[in-house]
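Some notes on the structure that comes next.
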Amino acid sequence: MKTGLVTFAGAGPGAVDLLTLRCREAIGEADLIVFAGSLVNPSVLQFAKPGCVIHDSAAMDLPAIIRTLSESVKAGKKVLRLHTGDPAIYGAIAEQMDELDKLGVAYEVIPGVSSVFAAAAAAKVELTLPEVSQTIILTRRAGRTPVPAGQELAELARHGATLALFLSAGDMEGTVADLLAGGYSPDTPVIVVSRASWDDEKILRGHLSDIARQVSNEGISRQAIVMVGPALRRGGKASRLYAADFSHGYREATGVPPSSVEKTTSAAARFQGSMAIYALTAPGCQLANRLGQSLGATVFLSEKHAEDAGLSTFPPTLFDPTRLDQIISQNWNRFAGHIFIMAAGIVTRKIAPLLQGKTHDPAVVVCDENGRHAISLLSGHIGGANRLAECVAGLTGGVPVITTATDCQGIPSFDDAAAQLHWEIVNPAAIKPLNSLLLSGKRIGVVWPEKAFRQFFGARPNLVHLAGIPKAGPPADLEGLSTLDIPPEQIPSHLPVLQLRRQPVMLGIGCNRGASRETIETKVRPFLDDLGIVNSQIAGVATIDIKENEPGLREWTCANNWPLRAFPAEQLKTLSVPNPSSAVEKATGTPSVAEAAALLAGGGHLLLAKQKAGDITLAIATVSRKKTGPGHLFAAGIGPGPAIWRTPQLLEAIRQSDVIVGYDAYCDLIADLTSGKRVLRSGMRSEVERCTQAIDEALAGATVAVISSGDAGIYGMAGLLHELLEQRNLPDLPLEVVPGLTAATVAASVLGAPLSNDFAVISLSDQLTPRKVILQRLRQAAAGDFVCALYNPRSAKRTELLDTALKLFIEHRGGATAAGLVRHAGRPEQTLWLGPLGDLPAARVDMFTIVIIGNSQTRIWNNRLFTRRGYEI
């Protein structure tokens, strides 16, 4: 240090060993130190020499600080002003230097390690990733100190860059609201590091949807760095710096294959879709946590071991391991890829009932808890499990286990290439013979764009690129063909031909007011190029009606000759989408614009989920290839509610449907199945309106599922649909009834086997059936010795019918008759009672209860209710 000047120095984020050597030497030489006591770790003062005068500036105002510094300099002392982190970032040194300038006092600055970089190091993240974020914005939320116009947090968030926020954890809810308003989605990763590098350092990991709750729970309000942005989930492409085929001033390209890291990121880029990760053991939970952060996947962990794995700062979904079947079933159609960190045998048994076929099944990868092997178990090509296995193995340092024949021989397959290029397979039965020809080295003609052909098959001498099919037919030496967008009449009949076609797509667009045509084109085009989508595939552009007359959007669609469709918020909000936004809903009246508009206009599935690029939000959906004429109706029973009770036929009906119609509560029960579909829901006593609306949708060409709890044909909507079709004379509109497990059978299974012989099912609701008819049926059932299951037995206002029913059955059978109650049959909150009919607790009965009254052959034994069938034993 020098006399005659003030030395400003950064003491780093807190840890003593993160002091720079220059700062430590300055502390040791100083005669006077003024340090920011509220932030600087006092342990760094241990290096001060004996006799050094030390002032804590926490209680000093600016004039007092300047007076102390200047007077000490004039007295010939070595003066050190010690700040936290790096003094150039929120150090408030500019105002001090201004005052020193006025007094003619010289000064110098020693840089320090900023807390933002200590936070990134603690969280083990890189803030800049190729093709994800190459920009870091260091900022803060406006508080008592305002920010200049244009530098508000919501405005900065529009860049989509990595944000590092100082002094913003005190109002985390407000910070999150600003970030969402700026365009970040609720699933954007967030890391909050409190007191980075201190002994009591805390690291919270989450997403914008849940980070405020975590920060509040941990009581963090100051000395915290908030890092936000997609780079935090990793997964970007590897830089070219260390690529083996990249030369620079210090190294020549070696020509060796790309590194495993490059292969990993390439595989991750080639597997496009949402992912779920499941783990049962403590080591498995730890690995799932790491993979989830790297892949941006949703993590499901056994509640038994998640806490033991030390994952309290990461927000997975915890589940009871005995309910793994139910969790998988709920998620099966929600995610494009499923990664299981457990035994392959467990996975095979759990997913077997869900399989629908190679063109429909999602990717399934199984990994051991040490990450040594990542096995592509299901849907290796079309679903992308082979690519996903490569990605997982690259992240764990393990080996991808891929067993598909073409991959084992290092030959790209036609169906895998088609999946990566987002082309449809017209005739899936031809996949096997064409891949067999590939494996045996036979000559195959490939009628694809030359770029795509070269990308996958350019080095294969047995594959012949054709610009088209000649009028005289393909070359005589070919033994098979793969074609793209070739009309059926041009397809030769004497060869096996795998027919592919580009999918028509619909672009869903959200844009800021005033976005220009050039801006929209510049932001959208890279996404189209990355997916290989050409202009001729684009069937149109869809948005919300309040954006319909945006000049830039209209100019862009007109220049490309694409029709522009606009939907009102009320219609857009009927769709279930993967990435809803409360900020978007507040601004527009619907939680989704881009995704919902693309799905509503296209009627297919999302090819590209919502992407934010500056002023533009983009989503891409496929266009459903509906046949002309009327659509199709399903009357579908969803069972009691939990996924474990659903049938494969129900899952297929929901998958095929464009529109789901149902009572509010029933729609909630299958919300995991309806992503990307229009959901038309209504309340009680709207059954006729619902079914009429469903028929109208089907007449317009949609495939519609009208859902009922239990079985659609037992107190469900199947009968009403038939009745309305008859009334409107619509014999040609297809109606398919999908059965489900009804409450009576589920309740019976819970109680034992009370319905083993003849039984009657009677509803006590007199909303649609006259009271006298119900009483007549009760008398006859009681007199006929039928076991009786009572639906809708008692409501808050309707109690007398149940009391009358119980009295009737006691009169005919006696109070000792075995009976049972099941409330919420088949659901997690299920409760039951069984005992003599005379003791039945009627006050506990409500509309969620099934009452089962036994007959003369019904018994209670071993806490089970059963009816003798009549066998001689």
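A parallel orientation is assigned to the rings of Tyr278 and His338, their planes being inclined by less than 30° (bins at 30° and 60°).
Remark: Ser682 OG to Arg690 CZ distance equals 4.0 Å, nearest 0.5 Å. Here Leu163 contributes atom CG and Leu153 contributes atom CG; the two are 6.5 Å apart, rounded to the nearest 0.5 Å.
No more than 12 heavy atoms of other residues, nucleotides or ligands lie within 6.0 Å of CD in Glu173, so this atom counts as exposed by the packing criterion.
The side-chain heavy atoms of Thr703 and Ser657, taken from C-beta on, include a pair separated by under 4.5 Å. Taking the side chain as every heavy atom from C-beta outward, Val190 and Leu232 never approach each other to under 4.5 Å.
For Ala643, the side-chain contact (heavy atoms from CB on, under 4.5 Å) partners two or more places apart in sequence, or in a different chain, are Gln326, Ser329, Gln330, Arg646. Checked against salt bridge (Lys or Arg N to Asp or Glu O under 4.0 Å), Glu736 has no partners two or more places apart in sequence or in another chain.
Side chain to side chain, Ser133 and Thr162 meet the donor-acceptor criterion of an N or O pair below 3.5 Å. Remark: the Gln693 side chain and the Glu697 side chain contain no N/O donor-acceptor pair separated by less than 3.5 Å.
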Listed pairs under 3.5 Å, donor-acceptor, residues 515-522 side chains, sequence neighbours left out:
from: Ser516; atom 1: OG; to: Thr519; atom 2: N; distance (Å): 3.0
from: Ser516; atom 1: OG; to: Thr519; atom 2: OG1; distance (Å): 2.8
from: Glu521; atom 1: OE1; to: Trp556; atom 2: NE1; distance (Å): 2.7
from: Glu521; atom 1: OE2; to: Arg525; atom 2: NE; distance (Å): 2.9
from: Glu521; atom 1: OE2; to: Arg525; atom 2: NH2; distance (Å): 3.3
from: Thr522; atom 1: OG1; to: Glu518; atom 2: O; distance (Å): 2.8

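Between Asp187 and Lys610 there is no salt bridge, since no side-chain nitrogen of the basic residue lies less than 4.0 Å from a carboxylate oxygen of the acidic one.
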